[in-house]
Amino acid sequence: MNTLLHANELPVLTWNRFNVNYKQIELSNTADSKIEPNITGSTNNINIKDIAVSDELPVIGSNNKVINYIMANASLRKKIVVNKNSHNDLPLIIDLTMHNDDKLTALFDIILEENSIANIIISVSAAVKAHGQYADLIRIKAAAHAKANITFLQLSGQSSIAFNNITAQLDNEAHIKIHQIPLGGKTALASVTANLTGYKSSVEIYADYIGQSEQDIDLNYVACHYGSKSTSDIKMTGILLDSSKKTARGTIDFHRGCKGASGNESEYVLLLSDKVKNKSVPLILCDEDDVAGNHGAAIGTLDEEPLFYLKSRGINEKAARQIFLESTLSRLKNILPANLAAKIDNYSKDVLCNESI
Amino acid sequence: MSEKLLEVNNYSVASTDDIAILKNLNLTINKGETHVLMGPNGAGKSTFGSSLLANPAYKTTHGHILFEDEDITALATDKRAKKGIFLSFQNPVEIPGISLYSFLRSAVKNSAVPLTNKQFREKLNSILTILDLKKEYLERDLNVGFSGGERKKVEMLQLLMLSPQLAILDETDSGLDVDAVNIMLKGINEFQQDKEKGMLIISHNMHILNKLNIDKVHILVKGNIIAEGGSELINEINEHGFSRFEIQVGDKNA
Amino acid sequence: MPEVLTKTAPITEINRSLYDFTKAEKDVEKLSSGLTEEIVRQISAKKNEPAWMLEHRLKSLQTYNELHIPNWGPDISELNIDNIVTYVRPNTKLSANWDEVPEDIKDTFDRLGIPEAEKKALGGVGAQYDSELVYHNLQKSVAKKGVIYSGIEEALSGPFAEMIRKHFMRLVPASDHKFAALHGAVWSGGSFVYVPPYVKVEIPLQSYFRLNSPGAGQFEHTLIILDKGADLHFIEGCSAPKYNVANLHAGCVELFVGENAHLRYSTIENWSKNMYNLNTKRAKVEKNGIMEWVSGSFGSHTSYLYPMTILNGEYAKSEFTGITFAGEGQNLDTGTKILHNAPHTSSVVNTKSLSKSGGISTFRSAVTITENAHKSKASVSCQSLMLDDKSRSDTIPVMDVRCDDVNVGHEASIGRIDDDAVFYLMSRGLSENEAKTLIVNGFANPISKELPLEYAVEMNNLIRLEMEGGIG
Ligand SMILES: Nc1ncnc2c1ncn2[C@@H]1O[C@H](COP(=O)(O)OP(=O)(O)OP(=O)(O)O)[C@@H](O)[C@H]1O
Ligand SMILES: [Mg+2]
């Protein structure tokens with residue numbers, strides 16, 4: 001029996017005929033495969049335990065049916081508590097490896113206590129051709145003055161579906177940077193809903209993708225400003241190859257009372273095949289006057305002017321496309337620890353090697 | 001083999017929407033020579049430099065470009081670059097999505113002298129030091145958010161990495177602080193050491209021009225080369241400006 | 001001090017006296033309210049129209065009954081079509097002479113300055129009062145060039161009947177949305193324009209729509225066909241007095257811009273604040289044609305208004321320039337849709353919106369680049385200004401790109417009046433309100449300068465009136 005879900009819902013609806021109000025997906029309700037995370041890196045001041053029913057976080061953001069599905073299916077439930085005042089600059093790495101036909105549903109609660117600093121990387125990967133289903137909900141609660149980098153690397157098999165949801169609640173002067181890298185999966189969904197409730201709280205949301213083959217990428221980012229002087233920055237960067245499809249929704253939502261808040265949203269999409277389909281839906285919702293919201297998007301192929309610049313350095317169009325890909329990959333590798341960077345190399349070799357760029 | 005590096009014959013250029021910009025230019029740069037192209041704003045200097053690399057914003061309406069005795073008038077931009085013509089842009093273009101490093105590596109691979117990875121890294125490190133550029137720049141997107149001076153330095157970095165046969169520097173010295181100008185001079189001097197190479201410098205900066213060995217000066221006014229001579233022309237312009245030449249063009253056009 | 005700022009009387013309620021006057025309904029013929037097949041047949045019968053039109057009306061009615069109201073956009077649940085009178089016929093005949101128009105109706109248009117403007121700057125005028133046109137006239141010099149500008153119902157039985165049949169509701173089919181279907185069923189009045197090949201109409205034509213009857217709907221249909229190389233500027237104005245009951249406007253505008261033709265369509269919409277404005281406008285542009293929209297939305301209680309351009313031929317171009325000002329009690333959802341359906345097409349969208357005194361303004365857009373629209377370019381820029389912390393402003397664009405060698409750009413910004421700018425102006429002796437009015441006018445200026453002069457003045461007046469309500 002499967003569950004039909006409206007994933008990645010747009011906070012305010014628009015014309016139905018553009019098919020951007022939500023993404024309909026079908027998830028399986030069979031029992032999860034048994035998958036143990038490989039946890040490495042900084043664990044001194046970070047406690048990891050299984051989530052008890054009693055200490056569930058208030059659910060924020062995200063569609064209720066989606067949350068219910070994750071709650072009902074999650075076999076992996078980890079609570080990660082970063083101790084008060086502790087500074088953990090080295091990353092904590094949670095590495096999930098899936099096999100062919102595996103199904104995994106995960107629930108992570110990340111509690112950043114007051115004034116703590118953490119760097120947490122969650123990676124899910126599988127063999128290139130693997131089938132399977134990965135779904136998760138990562139709930140982050142950042143207490144006052146907490147700072148964290150949260151990176152989610154998704155390298156599921158090319159025949160699978162991956163559905164990554166992150167919600168975050170930020171107290172006074174908390175600062176979180178969330179980086180989603182949905183590279184794998186035939187269908188790759190990723191979402192972040194950040195509630196900036198604290199004074200001067202700030203969130204940076206980055207998404208990097210490379211659509212290839214018949215891949216279908218669907219993104220939904222929402223920054224809700226409640227706290228005064230809160231800031232948000234949403235940046236989506238991607239390349240689309242072959243017959244890939246991508247829909248990106250980004251919303252900055254200024255609620256009444258968020259005086260002095262500012263939000264930025266930008267999207268840069270490079271289209272490298274005439275069979276790609278790209279949809280972009282950048283919303284700014286504003287219920288408060290003392291705010292500054294900006295959005296910019298550029299969608300297209302290589303422009304004539306930059307192309308001339310590259311050619312003047314001896315790089316032809318084909319090579320130019322190649323270095324765009326390489327630049328993206330090496331940028332991603334640079335922010336990841338060596339063992340995960342190696343996975344990107346494998347992905348590049350196994351998945352992108354045949355790309356008709 | 002001839003001594004000629006670049007030869008431009010009866011060369012006229014117009015914008016794609018047919019506005020004539022350069023009119024019947026003739027100019028020869030021999031190996032080992034450094035030429036200077038001067039002229040008032042809007043004279044067509046950048047257009048000339050850019051059209052030597054076949055910028056699609058312009059079209060050649062008349063004449064030929066010979067590079068090392070080969071007619072390259074019909075050659076595409078990247079082919080010309082591979083032959084060893086380099087243009088340092090007056091306004092280097094921002095290219096989001098491409099890191100400076102990937103770009104350099106790829107450009108060098110595509111050049112006449114592709115280096116091994118090791119050679120590449122060594123050369124890059126030494127040039128970064130010469131130009132006083134931080135390594136962090138390598139991971140940033142090409143020219144995106146770079147300051148005016150940083151962009152010019154990155155152009156110089158590319159020039160030295162690619163070691164082309166002919167370097168065209170379009171106001172590479174403008175917007176630089178005193179230290180950076182000296183660094184730039186060092187870069188130019190280094191390039192001038194190789195007597196097989198040539199250089200065309202577009203500049204308004206008397207300081208830099210006075211410090212360089214210059215073989216020939218061309219004055220471009222309203223798309224015409226109106227005077228040619230040795231470095232004494234630079235001083236004349238320094239003192240009297242371009243007005244004498246502008247009057248001449250007026251006569252010529254009349 | 002600039003002259004616009006010297007008016008002093010403080011006005012707490014927005015002054016709309018220029019538009020807000022009512023006329024008693026004398027001898028008008030009104031159908032009962034609501035929407036039934038019976039009413040649709042009655043409307044058709046009154047008009048003595050061809051049989052295909054009645055068929056079209058009945059089919060549209062059926063479509064209307066099948067479609068749902070949108071699940072997005074402003075709330076229109078209070079709009080009850082059962083309370084709307086779909087047909088109100090003023091007691092007069094269509095005339096080409098203002099002196100033949102009944103005194104009270106003529107007085108209405110006099111006060112709106114229409115006959116005056118006609119004398120000064122217009123090549124032709126059509127004036128609609130409730131459901132019917134009461135005046136239509138085209139200057140002889142324009143008529144001589146073969147330009148047709150007449151009531152659309154009148155044209156339905158003339159030499160252009162076949163042309164109208166081929167174009168009527170082909171761009172905006174009844175199935176497009178529920179209110180297009182409603183329009184198809186009960187439409188009444190409106191203008192027809194045909195400009196022959198290579199004819200340039202040097203002075204603008206204008207239609208003015210006035211809705212006088214309380215609780216009524218206005219459903220005029222405007223059909224403009226520009227043949228190859230033709231050139232026209234068409235102006236549309238609308239207003240109504242304010243009543244306590246809901247009025248509805250569900251007009252339809254269909255514009256056909258032929259090869260190398262150029263059409264500019266300017267609208268200043270100033271319906272009263274009890275109006276539901278659910279209007280549909282659409283243009284189809286052939287090869288090398290140019291469509292320009294200039295759209296100012298100031299009135300209405302609730303608006304759904306998104307003029308759409310279909311760039312159907314190579315190198316077709318469109319430009320949309322719009323401003324929306326939402327004040328107290330208003331929920332204005334406006335924007336545009338662009339469909340790039342041929343190579344080398346280009347579009348530019350430039351909009352400004354302002355929200356004040358609890359008003360809600362939403363900019364909604366969609367840019368679609370189809371698979372065959374190679375080398376097309378689209379750019380959208382929208383700026384919103386929040387004038388107080390009681391109001392709301394949303395920006396909801398969609399970009400749908402299915403072709404790689406294109407260039408699509410989008411820019412949006414939202415914010416309030418810059419304190420530094422207010423301070424600077426106040427330091428030069430302007431009051432805070434004057435300073436803000438000046439800044440708001442500056443914000444709107446790129447739009448108002450696209451309007452014909454009288455309209456630009458009218459727009460500045462409207463902004464000033466809105467601003468005099470005081471900024472919270
Ligand atoms: N693509 C183009 N289309 C039309 N005109 C152009 C184009 N490019 C340049 N021009 C015009 O040609 C003239 C020469 O421009 P150019 O940039 O070559 O001048 P310049 O000599 O380099 O000036 P400066 O000293 O200011 O850098 C100018 O008048 C310029 O506006
Ligand atoms: Mg120049």
Side-chain angles (χ1 to χ4, degrees), chain A residues 10-21 240-241 245-249 251-259 262-267 269-304, chain C residues 70-73 177 306 333 335 337 355-356 360-369 371-372 374-382 384-419 471-472:
Chain A
L10 202 62
V12 173
L13 301 184
T14 191
W15 292 292
N16 297 299
R17 67 186 57 161
F18 294 98
N19 253 321
V20 294
N21 285 335
L240 294 179
L241 307 161
K245 284 198 282 191
K246 183 229 71 183
T247 299
R249 308 170 191 79
T251 303
I252 302 172
D253 190 355
F254 295 112
H255 290 260
R256 191 154 301 175
C258 68
K259 297 266 175 212
S262 77
N264 274 299
E265 209 182 325
S266 64
E267 204 191 345
V269 195
L270 186 61
L271 308 176
L272 293 182
S273 151
D274 67 356
K275 294 191 286 297
V276 298
K277 292 191 167 70
N278 176 78
K279 290 181 191 172
S280 301
V281 194
L283 271 50
I284 305 180
L285 311 176
C286 183
D287 213 356
E288 168 59 53
D289 67 327
D290 185 10
V291 298
N294 284 291
H295 163 77
I299 302 158
T301 191
L302 299 172
D303 280 347
E304 194 132 280
Chain C
N71 61 345
W72 49 272
H177 57 86
Y306 325 98
D333 202 299
K337 289 193 263 188
S355 318
K356 186 174 169 291
I360 304 173
S361 148
T362 301
F363 169 75
R364 193 183 296 272
S365 69
V367 173
T368 306
I369 312 253
E371 288 81 352
N372 58 350
H374 293 285
K375 306 269 183 209
S376 288
K377 282 200 177 95
S379 91
V380 177
S381 156
C382 66
S384 309
L385 199 55
M386 295 278 290
L387 295 174
D388 56 40
D389 60 4
K390 296 190 281 291
S391 310
R392 182 173 178 95
S393 180
D394 292 346
T395 305
I396 309 177
V398 179
M399 286 160 271
D400 183 352
V401 180
R402 298 179 226 149
C403 188
D404 64 336
D405 51 353
V406 298
N407 201 316
V408 179
H410 184 273
E411 263 176 39
S413 69
I414 213 160
R416 64 168 180 174
I417 295 181
D418 182 10
D419 290 338
I471 297 181

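Protein chains get the first letters and strands the later ones, always in sequence-line order, with residue 1 at the start of each. FYI, side chains are in, hydrogens and waters are out, and symmetry mates aren't considered; it's all heavy atoms of this structure.
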Which pair of non-hydrogen atoms, one from [X] and one from [Y], has the smallest distance, and what is that distance?
X      : Y      : answer
A:C286 : C:I414 : CB-CD1, 3.4 Å
A:L13  : C:W72  : O-CB, 3.4 Å
C:D404 : A:L272 : OD2-C, 4.2 Å

Please classify the contact between [X] and chain A as side chain, backbone, both or neither, with a heavy-atom cut-off of under 4.5 Å.
X      : answer
C:S376 : neither
C:T368 : side chain
C:P397 : both
C:F363 : neither
C:K337 : side chain
C:E371 : side chain
C:H374 : side chain

Hey, could you give me the [atom1]/[atom2] distance between [X] and [Y], rounded to the nearest 0.5 Å?
X      : Y      : atom1 : atom2 : result
A:K279 : C:D400 : NZ    : CG    : 5.0 Å
C:L387 : A:D289 : CG    : CG    : 8.5 Å
A:L10  : C:I396 : CG    : CD1   : 7.5 Å
A:L283 : C:T395 : CG    : OG1   : 8.0 Å
A:T14  : C:N71  : OG1   : CG    : 9.5 Å
C:M399 : A:N278 : CE    : CG    : 8.5 Å

With respect to chain C, which residue among [options] yields the maximal number of heavy-atom pairs within a distance under 4.5 Å?
options                        : value
A:V12, A:N21, A:N16, A:T251    : A:N16
A:V20, A:V276, A:D290, A:V291  : A:D290
A:V281, A:D274, A:T247, A:N264 : A:D274
A:K277, A:K259, A:R256         : A:R256
A:A292, A:G300, A:G296, A:P282 : A:P282

Below 4.5 Å, heavy-atom pairs only: which of [options] has the largest tally toward chain A?
options                       : result
C:A412, C:S413, C:G415        : C:A412
C:M386, C:E411, C:H410        : C:H410
C:S391, C:G409, C:P70, C:A378 : C:S391
C:S355, C:G73, C:A366         : C:A366

Practice item. Could you tell me which portion of A:R17 (side chain, backbone, both or neither) has an atom closer than 4.5 angstrom to a non-hydrogen atom of chain C? Key: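 Just its side chain gets close to chain C.
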Review point. Who pairs with C:D333 by salt bridge (Lys or Arg N to Asp or Glu O under 4.0 Å), at least two apart in sequence or on another chain?
Key: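 Counting only residues at least two positions away or on another chain, C:D333 forms a salt bridge (Lys or Arg N to Asp or Glu O under 4.0 Å) with C:R364.
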